[in-house]
**Student:** 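Okay, here's the structure, questions in a sec.
Below, each value reflects all heavy atoms present in this structure, side chains not excepted, and no hydrogens, waters or symmetry copies.
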Amino acid sequence: MSPDDLAPLSAQETASRSAAAMQAGDAASRLLGMELVETGPGFARMRMRVRPDMLNGVGTAHGGFIFALADSTFAFACNSYNARTVAQHCAVTFHAPGREGDTLTAEAREVQRAGRSGLYDIAVTNAEGTLIASFRGHSRTIKGSHFEA
């Protein structure tokens with residue numbers, strides 16, 4: 001064993017390892033074609049292309065799929081500290097429609113984290129930078145970790 005094996009992980013390494021552990025079991029985001037673009041402590045960015053099977057009866061992206069993108073991004077951001085964390089409350093506001101073929105990007109940023117609670121803001125935009133949805137998530141830390149430190 002080298003001294004490097006005993007060195008504590010940096011915050012970025014912890015976020016990356018937590019994300020890798022989560023991705024391994026995240027069948028839902030894979031099913032929807034989501035891609036984790038970037039992660040860091042209290043931060044995540046994901047992308048998803050709006051497919052024809054994601055359209056609602058008026059021909060725009062179904063809000064549930066946009067919510068799923070925002071919620072998944074929220075999950076990666078709040079789970080970036082190697083502690084299992086779940087959504088406690090989420091609210092979404094839809095500002096503009098997503099369209100077939102759009103690549104939507106969700107970016108989650110930690111607003112505050114204390115004790116077992118966290119607050120995160122997530123913006124979902126299209127490739128032109130139009131705000132499609134804003135999402136605010138409250139997280140709660142539960143027992144367990146994503147990997148053995």
**Student:** Could you tell me whether His62 atom NE2 has more than 12 heavy atoms of other residues or ligands within 6.0 Å of it?
**Tutor:**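 At most 12 heavy atoms, drawn from other residues, nucleotides or ligands, come within 6.0 Å of this atom.
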**Student:** Within the 4.5 Å heavy-atom criterion, are Phe94 and Ile132 side-chain neighbours or not?
**Tutor:**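 Phe94 vs Ile132: side chains apart.
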**Student:** For Tyr81, does the six-membered ring have the charged nitrogen or CZ of Arg113 within the cation-pi criterion, i.e. under 6.0 angstrom from the centroid and within 45° of the normal?
**Tutor:**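 Satisfied, under 6.0 Å and within 45°.
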**Student:** Report yes or no: do Glu13 and Ser16 form a side-chain donor-acceptor pair below 3.5 Å?
**Tutor:**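 Side-chain D/A pair, Glu13 to Ser16: absent.
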**Student:** Where the side chain of Asp102 meets the backbone of Arg99, is there a donor-acceptor pair that is under 3.5 Å apart?
**Tutor:**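 At least one qualifying donor-acceptor pair exists.
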**Student:** Does some side-chain heavy atom of Thr93 sit less than 4.5 Å from a side-chain heavy atom of Phe135?
**Tutor:**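 No, their side chains stay 4.5 Å or more apart.
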**Student:** Just so I know, are the side chains of Val124 and Thr105 near enough to count as touching, which here means a heavy-atom distance under 4.5 Å?
**Tutor:**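 No, every pair of side-chain atoms sits at 4.5 Å or beyond.
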**Student:** Taking C-beta and beyond as the side chain, do Asp71 and Cys90 meet within less than 4.5 Å on heavy atoms?
**Tutor:**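 They are in contact (side-chain heavy atoms under 4.5 Å apart), so the answer is yes.
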**Student:** Rounded to the nearest 0.5 Å, what's the gap from CE on Met48 to CE on Met54? Could you check?
**Tutor:**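 It is 4.5 Å, given to the nearest 0.5 Å.
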**Student:** With side-chain contact (heavy atoms from CB on, under 4.5 Å) as the test, would you mind laying out the steps for Met34 and Arg47 before giving the verdict?
**Tutor:** CA-CA 6 Å; Met34 293 180 200; Arg47 274 194 294 246; over 6 Å; no
**Student:** Can any side-chain N or O of Ser80 pair as donor or acceptor with the backbone N or O of Gly42 at less than 3.5 Å?
**Tutor:**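 Looks like yes, one N/O pair under 3.5 Å.
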**Student:** Looking at side-chain heavy atoms only, is the closest gap between Leu9 and Phe147 below 4.5 Å?
**Tutor:**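 Result yes, sub-4.5 Å side-chain heavy-atom pair found.
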**Student:** Is there a side-chain contact between Val50 and Leu55 (heavy atoms, below 4.5 Å)?
**Tutor:**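 The answer is yes; the side chains approach within 4.5 Å.
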**Student:** Does the pair Arg136/Asp121 count as a salt bridge with the N-to-O cut at 4.0 Å?
**Tutor:**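 Salt bridge flag = yes for Asp121 with Arg136.
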**Student:** Kindly indicate whether the side chain of Asp26, heavy atoms from C-beta on, has any atom under 4.5 Å from the side chain of Ser29.
**Tutor:**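 Yes. Closest side-chain heavy atoms under 4.5 Å.
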**Student:** Within the distance-only criterion (no hydrogens, no angle test), does the side chain of Thr85 pair as donor or acceptor with the backbone N or O of Thr141 below 3.5 angstrom?
**Tutor:**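 Judged by distance alone, no pair lies under 3.5 Å.
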**Student:** Is there a donor in the side chain of Ser117 and an acceptor in the side chain of Arg140, or the other way round, less than 3.5 Å apart?
**Tutor:**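 Their side chains do contain a donor-acceptor pair, which is all the 3.5 Å distance test asks for.
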